[in-house]
Every structure is written in structure tokens, then in C-alpha cells.
*Asks:* 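Dropping a structure here in C-alpha cells format, bear with me for questions.
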There are 2 protein chains.
Amino acid sequence: MSTLVEVGRLAGVTPATVSNVLRGRGRVSEATRERVLAAVQQLGYRPNLNARALVEGRPHTIALIVSSIANPFYPEFALAAEKAVRKHDYFLLVCNTNNDPAQEAAYLDAVGGSLAQGVLVMNADFVRVDELLALRRRGVPVVLCMWEKPDEAPDLPYIAVDFHQAGVIAAEHLLKLGHTRIGAIVGSEPTGNHIWRYRGFCDALARAGVPHPPDEVRFGGDTIDAGRNAAHALLAAVPDLSAIFVSNDLPAIGVLQAAADLGLEVPADLSVIGITDIQLAHQVRPALTTVAVPTEEAAELAVQLMMQVIEDGAQQIARCAVASTPQLVVRASTGRVRRARKSA
Amino acid sequence: MSTLVEVGRLAGVTPATVSNVLRGRGRVSEATRERVLAAVQQLGYRPNLNARALVEGRPHTIALIVSSIANPFYPEFALAAEKAVRKHDYFLLVCNTNNDPAQEAAYLDAVGGSLAQGVLVMNADFVRVDELLALRRRGVPVVLCMWEKPDEAPDLPYIAVDFHQAGVIAAEHLLKLGHTRIGAIVGSEPTGNHIWRYRGFCDALARAGVPHPPDEVRFGGDTIDAGRNAAHALLAAVPDLSAIFVSNDLPAIGVLQAAADLGLEVPADLSVIGITDIQLAHQVRPALTTVAVPTEEAAELAVQLMMQVIEDGAQQIARCAVASTPQLVVRASTGRVRRARKSA
DNA sequence: ATGAAAGCGCTAACAG
DNA sequence: CTGTTAGCGCTTTCAT
């Protein structure tokens, strides 16, 4: 692995000149320029990014902390984030904490040791805001991606997505189709991340004068299995539902499976709607109707915010950027209410 | 962000001593040890990894090149790789090339500039072996993960998985269930990555004396959609198949959907088997019977090989480690052949 | 047991 | 237009 000095030696100039050529700084004669470039070529020289980061005080790397990679949404977001940082000529370091606080601590320490210049944190149920504040105090830019709880805005820059509105949109879609017996399955604890999605749903129903008794909702995990189990429980308790609102696509797919288990036709017997629009949503059968969250846009906004925070240096005022409103994507899992089904 | 010097000043020692304390080197008295640690604590000091990498000549980072993150297998493998490198106290830099040669080049250049110490390359259809050889020539350790073609062993260290045997196992499972009309869907080009899986299948059938005419196979992409389309085409041409071998789980799930489209019951009317055992395989309904590839083990082997190559320095002899044999995982998508179906 | 000094590869002023 | 110089933060002999 050759160095600037070697390139310079080969080209008959000093390292400084080579550096100037490579970075387009300073004035360099065309002749030496070409000589230098030839030497670079010949030696297969690549600038040592560590040395550069050291002298510049920061690496061209942004870290993304995700809590799990099992949920396909996270890889999808990671992809979007990577695209976004590459646009700014940064590299993305994906840090999967696997829900392990030790892992997370190790990563945050490393980032604090300038493994990366800033850290994007994918909002999951287990964000340790205190740790992040400590990191920020150490001078590391931190941006939260996809904050879900407008009432608990953290003292950190973050990207907000209006999940309440997503819940409203989902509910209104079902209402418009004539459903009045609508159950709900929430992919988090009652105080968890998805609570505002559910509130949006409830608000829309209330506004429409459609009752939603507390026994027609189930809370659970953000997985296919949890969704399936919750649907089985819900439909056993309340068999005459004609539609189910699910707070996320993964459990919604589980609901689809539960319907199949029970011999219910979707959407003839049961309509199902999710939120997010992960890839899988259009790959399952029936394809899932859902409320698409602007993932790519959120990732871009997060990176833009990060760049601003980096520019502004120590400032780091807690700001926030709001992504555009989620959009209804109608597929095959929802339809007009047809007939009341018999109780089991 | 504080430095060694500042910590030393606060503790009343030189940076060298602080370094010794932090790395457990040299002899340090218990008294100063504690003073130093206290200072570290108080300042929230974190060693600058760039400086360390610079002086040590290499960063504690391994890169993983993946071609796409759309296929859920890659994130799963990335997770496994991350776990494996963390065991050796390295960080994993996930480089998603998104099948874009420019991206890949950018990453490889950066790695060559010691963004990472070595690079794990996930085997996809588009591995640019020449680029990798060039990188290796520059002194960067390269390890190929999951090489599929035993007859085209690259001149680079790699992890082999016996995909031929995976094909054999899948075929034998179907044969044991009494199937004799077995179609095949291959998730790659006829010369592509999955070819040895298909050969395994063919060999097993041949050995059993079961015919497999060339019009009972379809080649396509490694996606759910491609699998579904291929299945529709295959079943339209050869309606009396009682089972379909699919070279990967994703297209196998597509086949499951095609069966549902056509009103075929799985496994009563049609058995379906895949290869890999991605998470989705047991989340779909009916749950997919598949031949599980030892993903975690392969990742661990790849990292171990990487560590060896790193130790051995410039040697970098092309070696190879073979992961253990794939294992049959019987779920709900395969069953005994029941009856001959009528032609459509 | 601790300190002094050199240097990793690069960039940024400033000098010539 | 190009060279000189200093230094980023850390590790590592080698002295003391």
C-alpha cells in the first residue's frame, strides 16, 4: 500500500503537491499534474482515509444504529440511508445492536472515538435517549430517524413522520368501504411506539361515530407471528369483525395468515390494512393494502439534518424535519363490506 | 472530545502512561492506574480510532460487500457476519453496492484506502473477481463468502457451501414422498449462481431413474415475483407435476403463491421445496419445506478465514473452508404424492 | 514505574 | 507553481 511520499518520489515532487493534485487545490502545472496522476495510477495509490480523517478531525463516515435486522423494514431503511449519505460522499456504517445494550454501548463508544462523524438512530422501542444525549454532549452529532411520539419530542434533532395521520388514513379507508365493525391489532405495547398510529385510528372512528369497544383491540409484537396470534385471539373473541386495522405491515401479514387459517376470504370476509408499505406488502397474497410511509424521504431528511448539524458545529439545537404525509396504497386486502358473517 | 494528552494532564502523567493503562501494557502502579481511570471517566475520554488505526497501520474494521439488500437473505447474512466480527472485536462496515458497479468501485477504493482492513464479499451473480484480485494485490485481504461453483474456484480464499448436495437432499426428499413428476424452477440464469443446486437435483433424479425432460425446468430471477411467474409458466406447460423443486426460498415462496392463484392445495395437489431457510420460509403459509444452508456457520468461517489471512500478512494463499452440509427442514409445503391430477 | 521522542500518512499554512 | 513545516492523536521503543 503506497503512500503520498512514494507517489511524490516517483513523480519527482513533494507529497504536498501530490495532495494538491488529488484534491484539486492550489495551482499545479498541467505537466506535473499528469506526472503525478501517472504515478498514482502506476502505484495503485489510494489515499489513507484514516490519516485524512485524523488530520481533518473527522472521518467521512456516518453511523446508523438499528436495533434489529430481523424486521425487514430496517434493512430497507438502511438502504435508503446509505443512498442518502453516499450522495454527500460519506460512507454508512450500519450498526446493528441486535437489541443488546452492550452492543449498543460498544458502538456508541466507538462512534464517540470517531469511528463515525455522526450517528443516525433508527427509532425503535428501545432508544436510550440518555446515552444519546451523553454522546451529543461529547460533541457527536446525533439525529433520530422517524420519531413516532409527537408528545414526547426528545431534546435531539429528529425526523418526524405523522403516524397519527397514517392511522387516520387507514381508518378512513375502511370506513369509506362501509366497515363499521373494525378491530385493531397494535404491534407494540399500549405505551409503545405504535400508540399514535392507533390513536389516529381511534380518532377517525370516533369522528365517524363508529364505536370501538376496548375488547376489539389487541396489543403485541411487531412480527408476523405476533400479528397472527393476535388475530386469532381477536377473531375468537369478536368473530363478527369485517375489518382489522393493523399498526404495521408485518403483523398485518400475520393477520392475513390467520384469516387463511380460519378459512376467511380476504377481503370478502375480512378486510386487512397495515402501515408502512414494506416490500413484502406487495409480495404477499392477497397483496396488502397499506398506508405508505415515506421511507426514502425520511432517510434523506435525516441525512440532510445530519449535514446541517455537522456544519453548525457545536450548536446542535434540537430541530426537527417533518416528512410528507403517509399515502394510502390500495391493494387486494381491503374491499367493501359485503355481508355480516355468522358468529362462530 | 478529549485526547490522551488531556487525560494525562488531568492525571498528572504522560500520554504514554495513559495509553499503557488503557491497553493493559507495560507496568503501571495501582495508584496511577486508578488516577488515570478516574481522569478518563471524568473527561468521558474515548480513544480516537482513526489515530489508532493510523499508527497501527490498519483499522479494526471489516467490510462486507453485498450486492443488494432487497433479497432478505443478505441482511440475514450481514447480521451473522456482524456477530462474527464483533467476536474478534472488529466492526463491520456493510457496503451495499446495490448492483451498481460505480458503488462497488467506490467502496473497494475506500477499502483500499484502509477504510477497512479486509473485505468479505458476499457471493452474488456479479462478483468482479478481477477487481478483487487487484485489491488483493494492493495488500487488502479478501474473502469470498458462500462460493457456489466448485468447478470455478477463484484464486481467492473462500467459503464453500455444498449447494450440489443441497439440491440432492431436496430431490431425495421429494422422491421419498413418492413424487415422480417433479418440475424445477431455478432462480438464476442457466449459467448462473444456482446451477449447481439444479445439478444436484438432476443427479438425484437420474440416480433414481426418474426422468426430467428439459421442458420441466424454468430459469429466472431470485425473487418472489420471478418464482411466481415461472411457476405459472411451468404449470401451464406441464400441468401434471406433483412437486416443484425451487433453487432458493424466495422464488419458492412465489411458487406457493402461484399454487394459491391456481387453486392448487399445497401440499395435497403440489409439493414445493426451497433452499436456504430464510426467516420468511417459516413465516409464510403453508410454511416452506427447505434445505437449510448453515448461514451463521458460513459467516463465522468467513471471518475466521479473514483473521487468518490478516495474521499471515502478505501470504494470502488461496484457501478455502467448507461449511457443514445443508440440512433438510421439513415443514408444511411438501407431502406424499396423493393422486394424479387431471391435465388442465 | 514512568517519561521522552519518534513517527504513522496526510493536510494546510506559509514561504519561496 | 512547488517546497517546507508543523501537527492531527495515538502507540511504541528506549531511557531514566
Side-chain angles (χ1 to χ4, degrees), chain A residues 1-37 39-40 43-61 109-117 138-140, chain B residues 1-37 39-40 43-61 109-117 138-140:
Chain A
M1 215 162 283
S2 43
T3 72
L4 260 198
V5 184
E6 303 180 69
V7 175
R9 201 152 38 206
L10 184 59
V13 294
T14 57
T17 304
V18 180
S19 178
N20 281 336
V21 170
L22 259 29
R23 324 200 79 217
R25 295 204 174 226
R27 246 132 295 282
V28 186
S29 77
E30 192 54 31
T32 47
R33 234 186 76 81
E34 287 183 4
R35 238 177 328 125
V36 167
L37 259 18
V40 166
L43 261 39
Y45 168 80
R46 296 289 179 283
N48 183 317
L49 267 21
N50 289 305
R52 188 176 278 177
L54 180 59
V55 65
E56 286 180 343
R58 49 208 166 97
H60 255 55
T61 303
D109 271 3
V111 169
S114 62
L115 213 213
Q117 185 173 161
R138 233 179 270 134
V140 180
Chain B
M1 216 160 282
S2 44
T3 73
L4 260 198
V5 185
E6 303 180 70
V7 174
R9 202 153 37 206
L10 184 59
V13 294
T14 59
T17 304
V18 180
S19 178
N20 280 336
V21 170
L22 258 28
R23 323 202 80 217
R25 294 203 175 230
R27 247 131 297 280
V28 186
S29 77
E30 192 55 30
T32 49
R33 234 186 75 82
E34 288 184 3
R35 238 174 330 122
V36 167
L37 259 20
V40 166
L43 262 37
Y45 168 78
R46 297 287 179 284
N48 183 318
L49 267 20
N50 288 305
R52 188 176 280 177
L54 179 59
V55 64
E56 287 179 344
R58 48 206 167 100
H60 255 55
T61 303
D109 271 2
V111 170
S114 62
L115 214 213
Q117 185 172 161
R138 233 179 270 133
V140 180

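Treat the numbers as computed from the prediction; the structure is a model and nothing was measured.
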*Asks:* Salt bridge (charged side-chain N to carboxylate O under 4.0 Å, His left out): which pairs involve residues 11-26 of chain B, sequence neighbours left out?
*Replies:* Arg23(B)-Glu56(B)
*Asks:* Is there side-chain contact between Leu22(A) and Val40(A), with heavy atoms separated by less than 4.5 Å?
*Replies:* yes
*Asks:* Quick check for you: name the first and last nucleotides of DNA chain D, 5' to 3', having an atom under 4.0 Å from a heavy atom of chain B.
*Replies:* dG9(D) to dT12(D)
*Asks:* Could you tabulate the donor-acceptor pairs under 3.5 Å formed by side-chain atoms of residues 10-21 of chain A, not counting sequence neighbours?
*Replies:*
from: Thr14(A); atom 1: OG1; to: Thr17(A); atom 2: OG1; distance (Å): 3.3

*Asks:* Which nucleotides of nucleotides 4-16 of chain C have their base under 4.0 Å from a protein heavy atom (B), which only their sugar-phosphate (S), and which neither (-), written as one string 5' to 3'?
*Replies:* B--BBBSBB----
*Asks:* Could you pull out all residues at least two apart from Arg9(A) that satisfy side chain to side chain donor-acceptor pair (under 3.5 Å)?
*Replies:* none
*Asks:* Could you please spell out the steps behind the side chain to side chain contact (heavy atoms under 4.5 Å, CB included) verdict for His60(A) and Leu49(A)?
*Replies:* CA-CA 8 Å; His60(A) 255 55; Leu49(A) 267 21; over 6 Å; no
*Asks:* Please name all residues satisfying salt bridge (Lys or Arg N to Asp or Glu O under 4.0 Å) with Arg46(A), sequence neighbours left out, ordered by chain then number.
*Replies:* Asp109(B)
*Asks:* Using only atom types and a distance under 3.5 Å, with no angle test, would you say the side chain of Ser114(B) pairs donor to acceptor with the backbone of Ala116(B)?
*Replies:* no
